[in-house]
**Q** 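This is the structure I have questions about; it appears just below.
Indexing begins at 1, ligand by ligand and atom by atom, following the structure's order. Residue numbers start at 1 and run along the sequence shown.
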Amino acid sequence: MNVPKHVAIILDGNGRWAKAKGMPRNYGHAQGSKNVERICEEAWRMGIKYLTVYAFSTENWNRPDDEVNALMKLLRNYMKTCLKTAAKNDMKVRVIGDITRLDEDIQKRILELEEATKNNSGLNFQIAINYGSRDEMVRAIRKLAKDCIDGKVNPEEIEEQTFEQYLDTKGIPDPDLMIRTSGELRLSNYLLWQLAYTEFYFTDVPWPDFSKEELEKAIEQYNHRDRRYGGVKEEEEQNV
Ligand code: IPE
Ligand code: IPE
Ligand code: MG
């Protein structure tokens with residue numbers, strides 16, 4: 001079995017999952033966050049080295065205040081729990097996205113969590129919070145343009161690799177497999193640059209029900225994919 005090195009997940013469907021059970025949407029978010037912990041452990045056990053999850057998008061601020069507040073409260077608590085699990089599982093945590101829009105205490109917890117886990121050698125776990133791919137690219141371009149003006153970068157010498165150094169995902173390999181739960185077939189502003197050659201897997205299973213078995217199914221399907229990167233399969237090369 002060829003296990004993808006980096007799996008990116010759009011954890012979707014918490015609200016609908018809760019509603020189907022006659023529960024408030026926020027109950028779905030709470031269960032969803034517990035599932036993140038479970039999947040982190042399973043992913044590492046399966047040999048996945050990098051896991052990136054979409055927790056809150058730049059567009060999620062458009063939700064009703066009550067839901068945004070509940071999500072922020074959950075994130076606040078999650079950072080604390082994550083500090084413990086990361087210590088237990090030797091996980092290295094990094095947050096991607098523009099955290100400056102978050103409450104100061106959450107920002108502080110994020111920085112503490114990143115600092116406390118930076119030398120860990122287990123799963124590389126990225127959490128996308130107030131993340132939007134277009135926003136990430138615009139922020140990157142701003143920094144790059146500033147470095148050009150300051151004479152640190154010659155515009156003529158900008159390569160794809162140069163640009164990547166300015167993204168939040170700097171140093172993290174591109175995802176091999178992208179999973180979206182709960183039946184939506186779109187990217188919702190997730191990792192647009194980084195997913196250029198990633199294999200996609202969509203499932204109707206809502207995130208709180210996405211189990212170890214579901215992850216195994218996704219990896220099994222990934223194994224049947226033929227990643228050509230614009231080239232041709234080796235066995236086809238003679239048939240030109
Ligand atoms: C994903 O679940 C979690 C977040 C976006 C924060 P949703 O809240 O999007 O759940 P649905 O898609 O409305 O069911
Ligand atoms: C994408 O899910 C964002 C996260 C999972 C955090 P959404 O539920 O917000 O996406 P749309 O609105 O259905 O595209
Ligand atoms: Mg959704």
**Q** Quick check with a 6.0 Å cut-off and a 45 degree axis cone: is R101 positioned over the face of W61's six-membered ring?
**A** yes
**Q** So if I count the atoms of ligand 1 from 1 in the order they appear, which ones are less than 4.0 Å from some heavy atom of A55?
**A** 6 (C)
**Q** Heavy atoms only: which of L11, T181, D12 lies closest to atom 5 (C) of ligand 2?
**A** L11
**Q** Tell me the contacting part of K19 for ligand 1: side chain, backbone, both, or neither, using a 4.0 Å heavy-atom threshold, strictly below.
**A**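 It is neither; nothing of K19 touches ligand 1.
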**Q** More than 12 heavy atoms of other residues, nucleotides or ligands under 6.0 Å from CZ of R134: yes or no?
**A**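 It does not: R134 CZ has 12 such atoms or fewer within range.
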**Q** Do R180 and E184 meet the salt-bridge criterion of a basic N to acidic O distance under 4.0 Å?
**A** no
**Q** Decide whether Y197 and D176 meet the rule of one side-chain donor and one side-chain acceptor closer than 3.5 Å.
**A** no
**Q** Please could you name the atoms of ligand 2 that F56 approaches to less than 4.0 Å, counting only its heavy atoms?
**A**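 What qualifies from ligand 2 is 6 (C).
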**Q** In the complex you have, is atom 11 (P) of ligand 2 within reach of the protein, judged by whether a heavy-atom distance drops under 4.0 Å?
**A** yes
**Q** Do R109 and E112 sit within salt-bridge range, that is, some charged N less than 4.0 Å from a carboxylate O?
**A**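 Looking at E112 together with R109, the answer is no, because their closest N to O distance does not fall below 4.0 Å.
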**Q** Sub-3.5 Å donor-acceptor pair from the side chain of N120 to the main-chain atoms of M91, do we have one?
**A**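 Yes, because the side chain of N120 sits within donor-acceptor range (under 3.5 Å) of the backbone of M91.
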**Q** For Q194, run the side chain to side chain donor-acceptor pair (under 3.5 Å) check against T52, T169, D168 and tell me which one passes.
**A** T169
**Q** Ignoring hydrogens, just give me the one of E184, R186, R63 whose non-hydrogen atom is nearest atom 7 (P) of ligand 2.
**A** R63
**Q** Run the contact test for G13 against ligand 1 with a 4.0 Å cut-off on heavy atoms, strictly below, and give the result.
**A**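 Contact present.
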**Q** Does Y190 approach ligand 2 within less than 4.0 angstrom via side chain, backbone, both or neither, non-hydrogen atoms only?
**A**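 Y190 to ligand 2: no contact under 4.0 Å from either part.
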**Q** Under a 4.0 angstrom heavy-atom cut-off, which atoms of ligand 2 come close to S188?
**A** 1 (C), 10 (O), 11 (P), 14 (O)
**Q** More than 12 foreign heavy atoms under 6.0 Å from NZ of K212: is that the case here?
**A** no
**Q** Atom 13 (O) of ligand 1: which of R16, H29, R25, E59 has the nearest heavy atom?
**A**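 Considering heavy atoms of R16, H29, R25, E59, the nearest to atom 13 (O) of ligand 1 sits in R25.
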**Q** N35 pairs by side chain to side chain donor-acceptor pair (under 3.5 Å) with which of R38, E37, Q31?
**A**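 It is R38, the one option of R38, E37, Q31 that forms the side chain to side chain donor-acceptor pair (under 3.5 Å) with N35.
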**Q** How far is atom 2 (O) of ligand 1 from the closest protein heavy atom, and which atom is that?
**A** N14 N, 3.2 Å
**Q** Just by distance, with hydrogens left out, do N14 and H29 show a side-chain donor and acceptor under 3.5 Å apart?
**A**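 A pair is found: one side chain offers a donor N or O, the other an acceptor, under 3.5 Å apart.
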**Q** Can you find an N/O atom of G15 closer than 3.5 Å to an N/O atom of ligand 1?
**A** yes
**Q** N/O/S atom of D12 under 2.8 Å from the Mg ion (ligand 3), yes or no?
**A**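 D12 does place an N, O or S atom closer than 2.8 Å to the Mg ion (ligand 3).
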**Q** Under 4.0 Å from a heavy atom of N60: give me the atoms of ligand 1 that qualify, with their elements.
**A**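 Near N60, meaning under 4.0 Å from one of its heavy atoms, ligand 1 has 5 (C).
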**Q** Looking at I10, which atoms of ligand 2 are within less than 4.0 Å of one of its heavy atoms?
**A** 5 (C)
